[in-house]
Structures are given as structure tokens and as C-alpha cells.
Amino acid sequence: MASGLLMLLDDITTILDDIAVLTKVAAKKTAGVLGDDLALNAQQVSGVDASRELPVVWAVAKGSLVNKAILVPVALALSAFTPGWVIVSLLMIGGLYLCYEGCEKLAHKFLHSAEAKAHEKELHEAVVTPEIDMVALEKQKIKGAIRTDFILSAEIIVITLGTVTSSPFLTQLLVLVSISMLMTVGVYGLVAGIVKLDDLGTRLVKSGPEGPESTFKQKLGYGILTAAPYLMKFLSIAGTAAMFLVGGGIIGHGIPVLHHLIEEGVHHAAEIATVGAVLASVTEMLLNAIIGLVAGSIVLLIVTGVKRLLPSTDKAAASHH
């Protein structure tokens, strides 16, 4: 009986060790989505009344948990009852979507900058107008953030599933649950911290006398208020870059020819004396980013072409009737 208990404990320890290792690997692979998740959710929450920021973050976090409660069983069912190529196909679609979204962001930034600025101005005017229905605005922002979270959560779950697809069912379940909880707590904990940075900075600034006699706390407050907008910009840039790196990595790994080219490039870079290890890592990231940029551009062109064709198709149909 004692030996049986020891064997059981050994099995449990082995499973927990596998879960820890696989969760770490999955977290590393999904970390790219994290930057974008942070930036997008922080932007979605910004603009509501300061006293309502944390309740809004909490509402979106609860929505995120519901999203993952739906996605995890669906992912496990796909893993259990469908061929392996289905998961690979979903991974590739997820990778292409990430690359497309990254290219769409760049196109919107550089090709439609005037429209983006006009939209931002409209939002700002809506928020500062006293007549605006803040409750409706808040609900709209929460719904938008939860929709965004669903897409990003699906990407995280699919990437994680690709990491544990050959593991036993219990390991798959525990790793998916672990990643879901880790990402939800991590993302929305950080989002809560980011959206309250302004409040923290303002409180520190008001904590003592103004002018040359200002205290260290006040100087720190001024520093936080100055840095907060740059932090948001950095998160947005890092999130966009991560889309190409993660998406390109998924596509490169899923297409044998590209995977072979990446491995060859990394191998040649690693052979360079002294800086080989660093150069190999940089080469892999650069090649993944190039693949992501090319793939995203192709998908963006296709989507844009289809969107332009649809209105003309509708008009043709209307005139026919």
C-alpha cells in the first residue's frame, strides 16, 4: 500500500513537472500576444471616468474569463476528436490573422493618419461633452474590449494547444487552464496598473509644496505623468512588432520550406565567432518578422480587394433588380 502511494505521488509529481514545463513553453510562445493584449485593453478602457476605470477593467476581466471558459473546452474537443492537421490549420489561421492585424495597424497609421486623428478627436470630444451618456459609453467600451479579448484569447489558446497537442488529456487541460488564468490575471492586473498611472502621478504631485521645494515624491509623480503616454506608445509598438514575430513564427514553423530556410539562416548565424548565439537569435526574429510582414501584406491586399468588390457587387445586384 505504501509503495502504491509513493508511485501515485511520483506520477503526480511527474505530471505537475510536465505541466510546469509546458506552461512555461506556452507562456513564452504566447508572450507576443500579451504586449498587444495589454496595449489594446489599456486603450479600450481609457476615456471612461477615472472613478470607473477599475470597475470597467474588472468587468472586462470577468468577460475574459467567460471567453476562456468557452474556448478551453472547444480547444480540448478539437484536440480529442479531430485530426492533427485541424490544430495546425487553426494555428496557421491564427498566425495569418496576427500578421494581417499588424499590417492593418501599419496601413491605418501611415496611409490613413488623417482619418485616425479625426476619429481620436471625435472620441475626445464625446468624452468631455457633459451631455454624453457615460453609462452607454462604458457599456460600449466593455463590449468592445471583451470582443477584442475573445480574439486574442482564441490565439493564446490555439498557440498553447499546439504546444501540448501530443500530451495526455489531463496535462492539456491543466496547461490550458493555467495559461488562461495566468494571462487573465497578468494582463488585467497590468492594465489596471497602467490606467491608474495618471492618478498615481497626480496624487504624488499634490503630496507636497510646489516649486523648487518639491519633494522626491512630487518629482516621481511628474516623472510618472510624463512617462505614462510614452509607455502606452511603447506597448502599442511592441504589440504590433510582436504580431509579426509570433504570427511569422507560426507560419514559418508550419510551412516546411520556410522552416528549413529559417533553420539554415540561424545555423549560419550561429557559426560566427563570439556573437554567434546573439546573432542566431536576432536572425530568427528578423526572418520571422519578414515572413509575418509579407504574409500580412498579402492577406491585407486580399481583404481590401474583397471589400472593394463587395459594394460594387451589391450595386450591380441592386441595379439588376
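Here the structure is a predicted model, which means the values were calculated and not measured. The analysis underlying the following values was restricted to heavy atoms, covering all of them including side chains, and did not include hydrogens, waters or symmetry mates.
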Chemist: Applying side chain to side chain contact (heavy atoms under 4.5 Å, CB included), run through Ser167 and Val175 and close with a yes or a no.
Modeler: CA-CA 10 Å; Ser167 302; Val175 170; over 6 Å; no
Chemist: Hey, are the side chains of Leu161 and Leu90 touching, using non-hydrogen atoms and a 4.5 Å cut-off?
Modeler: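 When only atoms from C-beta onward are counted, Leu90 and Leu161 do not touch, as no gap falls below 4.5 Å.
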Chemist: Where do Phe244 and Gly102 come nearest, in terms of heavy atoms and distance?
Modeler: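 Nearest heavy atoms, Phe244 then Gly102: CZ-C, 3.4 Å.
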Chemist: If I take atom CD from residue Glu104 and atom OH from residue Tyr97, how far apart are they, to the nearest 0.5 angstrom?
Modeler: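 Those atoms lie 7.5 Å apart.
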Chemist: Is the shortest heavy-atom distance from the side chain of Ile262 to the side chain of Asn288 under 4.5 Å?
Modeler: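 Side-chain contact under 4.5 Å: yes.
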Chemist: Rounded to the nearest 0.5 Å, what separation is found between the CG atom of Leu65 and the CD1 atom of Ile146?
Modeler: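 Taking CG in Leu65 and CD1 in Ile146, the distance rounds to 10.5 Å.
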Chemist: Using the rule that two of Ile, Leu, Val, Met, Phe, Trp, Tyr join whenever any of their side-chain heavy atoms come within less than 4.5 Å, decide whether Val185 and Trp58 are in one cluster.
Modeler: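 The answer is no; the residues belong to distinct hydrophobic clusters.
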Chemist: Check for me, please, whether Met181 and Phe150 land in the same ILVMFWY cluster - side-chain distances under 4.5 Å, paths through other members count.
Modeler: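 Same hydrophobic cluster.
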Chemist: So, for Leu245 and Ala289, which heavy atoms are closest and what is the spacing to 0.1 Å?
Modeler: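 Smallest heavy-atom distance, with atoms named: CD2-CB, 4.0 Å.
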Chemist: Hydrophobic cluster membership, with links at side-chain heavy-atom distances under 4.5 Å among I/L/V/M/F/W/Y: are Phe169 and Val72 in one?
Modeler: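 Linked, Phe169 and Val72 end up in one cluster.
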Chemist: For Ile93 and Val158, run side chain to side chain contact (heavy atoms under 4.5 Å, CB included): C-alpha distance rounded to whole Å, both residues' side-chain angles, the deciding distance at 0.1 Å, then the answer.
Modeler: CA-CA 10 Å; Ile93 292 166; Val158 170; over 6 Å; no
Chemist: So which of Ile291, Ile250, Val299, Ile251 actually passes side-chain contact (heavy atoms from CB on, under 4.5 Å) with Cys99?
Modeler: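 The option that passes is Ile251.
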Chemist: Measure the spacing between OH of Tyr100 and CG of Leu301 and express it to the nearest 0.5 Å.
Modeler: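 Answer for the OH-CG pair, Tyr100 versus Leu301, is 11.0 Å.
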Chemist: Please answer: with hydrophobic residues joined when any side-chain heavy atoms are less than 4.5 Å apart, are Leu286 and Leu279 in the same cluster?
Modeler: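 As far as the 4.5 Å side-chain criterion goes, Leu279 and Leu286 are not connected within one cluster.
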Chemist: Check whether Leu71 and Val74 end up in the same hydrophobic cluster, where Ile, Leu, Val, Met, Phe, Trp and Tyr are linked by side-chain heavy atoms less than 4.5 Å apart.
Modeler: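 Yes.
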Chemist: Just verifying a value: how many Å separate Leu173 CG and Ser178 OG, rounded to the nearest 0.5 Å?
Modeler: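 It is 9.0 Å, given to the nearest 0.5 Å.
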Chemist: May I have the step-by-step check of side chain to side chain contact (heavy atoms under 4.5 Å, CB included) for Lys68 and Ile179, ending in yes or no?
Modeler: CA-CA 10 Å; Lys68 291 175 178 72; Ile179 282 290; over 6 Å; no
Chemist: Show the nearest heavy-atom pair for residues Ser180 and Ile157, with the distance to one decimal.
Modeler: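 Of all heavy-atom pairs spanning Ser180 and Ile157, the closest is OG-CD1, 3.4 Å.
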Chemist: Just by distance, no angles: are the side chains of Glu271 and His267 close enough, under 3.5 Å, to form a donor-acceptor pair?
Modeler: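 Side-chain D/A pair, Glu271 to His267: present.
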Chemist: With no hydrogens and no angle check, is any side-chain donor or acceptor of Thr226 less than 3.5 Å from a backbone partner on Tyr222?
Modeler: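 Yes, Thr226 side chain to Tyr222 backbone: donor-acceptor pair under 3.5 Å.
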Chemist: So, do Pro83 and Val86 sit near enough that their side-chain heavy atoms are less than 4.5 Å apart?
Modeler: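 The answer is yes; the side chains approach within 4.5 Å.
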Chemist: To the nearest 0.5 Å, what is the distance between CG (Asn67) and OG1 (Thr184)?
Modeler: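 That separation rounds to 9.0 Å.
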Chemist: May I ask you to decide if Val60's main-chain N or O and Ser64's side chain share a donor-acceptor pair within less than 3.5 Å?
Modeler: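 No, because the side chain of Ser64 does not come within donor-acceptor range (under 3.5 Å) of the backbone of Val60.
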Chemist: Going from CG on Leu182 to OG1 on Thr160, what distance comes out if it is rounded to the nearest 0.5 angstrom?
Modeler: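 Reported to 0.5 Å precision, the distance equals 10.0 Å.
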